[in-house]
Every structure is written in C-alpha cells, then in structure tokens.
Amino acid sequence: MNYWLLKSEPDVFSLDDLEAAGRRGTGWDGVRNYQARNMLRDGMRKGDLAFFYHSGCEIPGIAGIMEVASASRPDATQFDPSDHHHDPDSDPDDPRWFLVDVRFKRRLRRFVSLEELRGHRPLAGMQLLKRGNRLSVTPVSKKHWNYILKLEQKKT
DNA sequence: GCCAACGTTGGC
DNA sequence: GCCAACGTTGGC
C-alpha cells in the first residue's frame, strides 16, 4: 500500500464535500499536470490512503484522510466542452487525463497546518514542503505518513 | 533544442 | 493583490 497527499481548494471541493459524497466517494477530476497525472494513472492503487490537503485558503494544511477507491480511469471532464477542465486536444481513443475515485475515510483529530508541518525537521524531505512545489498529487513516505499521524495526536 | 513569453499555482 | 516558482507553448 502506498500513501499520497492530494491538494484541493476548499472553496472548490473540501473535505466536507468529500464526506458528503459518502461511501460512493467521487472522482478526483480536473488534474491537468503531467507529473500529477502520471502518479494518478500509474502509481495509485485501490486501497491506498491519501491526506486531504486544503490549499489556496486562509490556513493551508491537512484536514483529513481519504481512501483510493478505484484504479485509475480516464477523466470524463476532459471531453466535456462545458467543463472548466475541458481539453479539446485530448483524443477519446487515447485520453490524456486520468483520475481515481476517492472516498472519505476520516477527519484528522485536529487540523495540521502547513506552518506546523514546516516546523518539524523529520518532515523536511516531504515533497509538499520542498521549495516551489506546486504538484497537486504527491507521494508520502510511510515514515512521513506515520509521523503526521503521531503529530495529529499531540495537543497544541 | 533553446528560450522568451505567458499561464497557473499557491503561500503570504 | 503580490510574486516566486514552475509548466507549457511556440518561434526560431
């Protein structure tokens, strides 16, 4: 099993929205970056776990945990002209963009902010914390994953 | 293949 | 709103 971190702007799609989607979950659509696409398409497996990270908001950070609920499949929004993520250059016979289904697992016991993550030297290697990182899908090592789960338990 | 111009992300 | 960092595009 592998671990991941997926970013979303809570104004667009938040952990609450994912929880509201229930057991069926939802497709993690709209990823339009090749590196992120490759991880979605080739790296993620059903049963993997991922942190739900809130970006582009007042206090960015990790809000919860979700589960990868399917293998990757083509992202239908790329073929929908009315969709913001429409890609007219993508060939239906050879789709360019993929998604996985995700489902809500749980909220963290407390929100762990980006600022807090940056304060922990053992997490320094996390791709999320590297300078200039903008990838919306990044792998998380087991070591970092477990460290954050311990952080979650700590009182502030 | 290089690189300038432009677009996007995302923290601050 | 600003801006650093990075990705993409397209002319050459």
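Bear in mind the structure is a predicted one, so any value in this text is a computation, not a measurement. Order of the sequence lines sets the chain letters (A, B, ...), proteins ahead of strands, with each chain counted from 1. The basis for the numbers below is simple: all heavy atoms, side chains too, and nothing from hydrogens, waters or symmetry mates.
Backbone-only contact: A/Gln35 has heavy atoms under 4.0 Å from sugar-phosphate atoms and none from a base.
Listed by chain and number, the residues in a side-chain hydrogen bond (donor to acceptor under 3.5 Å, both in side chains) with A/His144 are A/Ser141 (sequence neighbours excluded). A/Ser8 is linked by a side-chain contact (heavy atoms from CB on, under 4.5 Å) to A/Phe13, A/Trp28, A/Phe52, counting only residues two or more places apart in sequence or in another chain. The salt bridge (charged side-chain N to carboxylate O under 4.0 Å, His left out) test applied to A/Arg32 returns A/Asp75, not counting sequence neighbours. For A/Asp93, the side-chain contact (heavy atoms from CB on, under 4.5 Å) partners at least two apart in sequence or on another chain are A/Asp91. Partners of A/Asp16 by salt bridge (charged side-chain N to carboxylate O under 4.0 Å, His left out), not counting sequence neighbours, listed by chain and number: A/Arg107. Remark: A/Phe79 engages A/Ser90, A/Pro92, A/Pro95 in a side-chain contact (heavy atoms from CB on, under 4.5 Å) (not counting sequence neighbours). Residues that satisfy the salt bridge (charged side-chain N to carboxylate O under 4.0 Å, His left out) test with A/Arg134, not counting sequence neighbours, are absent from this structure.
Separating the CG atom in A/Leu18 from the NZ atom in A/Lys105 is a distance of 12.5 Å, to the nearest 0.5 Å.
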Identify all pairs in which a protein N or O lies below 3.5 Å from an N or O of nucleotides 2-5 of chain B, and state each distance.
none

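A heavy atom lying under 4.0 Å from DNA chain B marks the following residues of residues 48-57 of chain A, by number: A/Tyr53, A/Ser55, A/Gly56. For residues 127-136 of chain A, proximity to DNA chain C is found at A/Arg131, A/Gly132, A/Arg134, defined as any non-hydrogen atom under 4.0 angstrom from a strand atom.
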Using distance only, find each side-chain donor-acceptor pair of residues 35-42 of chain A under 3.5 Å and give its atom names and separation, not counting sequence neighbours.
| from | atom 1 | to | atom 2 | distance (Å) |
| --- | --- | --- | --- | --- |
| A/Arg37 | NH1 | A/Arg96 | O | 2.8 |
| A/Asn38 | ND2 | A/Tyr34 | O | 3.4 |

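The phosphate of B/dT9 (OP1 or OP2) has no side-chain N or O of A/Lys7 nearer than 4.0 angstrom.
In this structure, A/Leu117 shares a hydrophobic cluster with A/Met1, A/Tyr3, A/Leu5, A/Leu49, A/Phe51, A/Tyr53, A/Ile62, A/Ile65, A/Leu108, A/Val112, A/Leu114, A/Leu123, A/Met126, A/Leu128, A/Leu129, A/Val140, A/Trp145, A/Tyr147, A/Ile148, A/Leu149, A/Leu151, the cluster being traced through Ile, Leu, Val, Met, Phe, Trp and Tyr side chains under 4.5 angstrom apart.
Sequence order on DNA chain B of the closest nucleotides to A/Glu115 and A/His85 puts A/His85 first from the 5' end.
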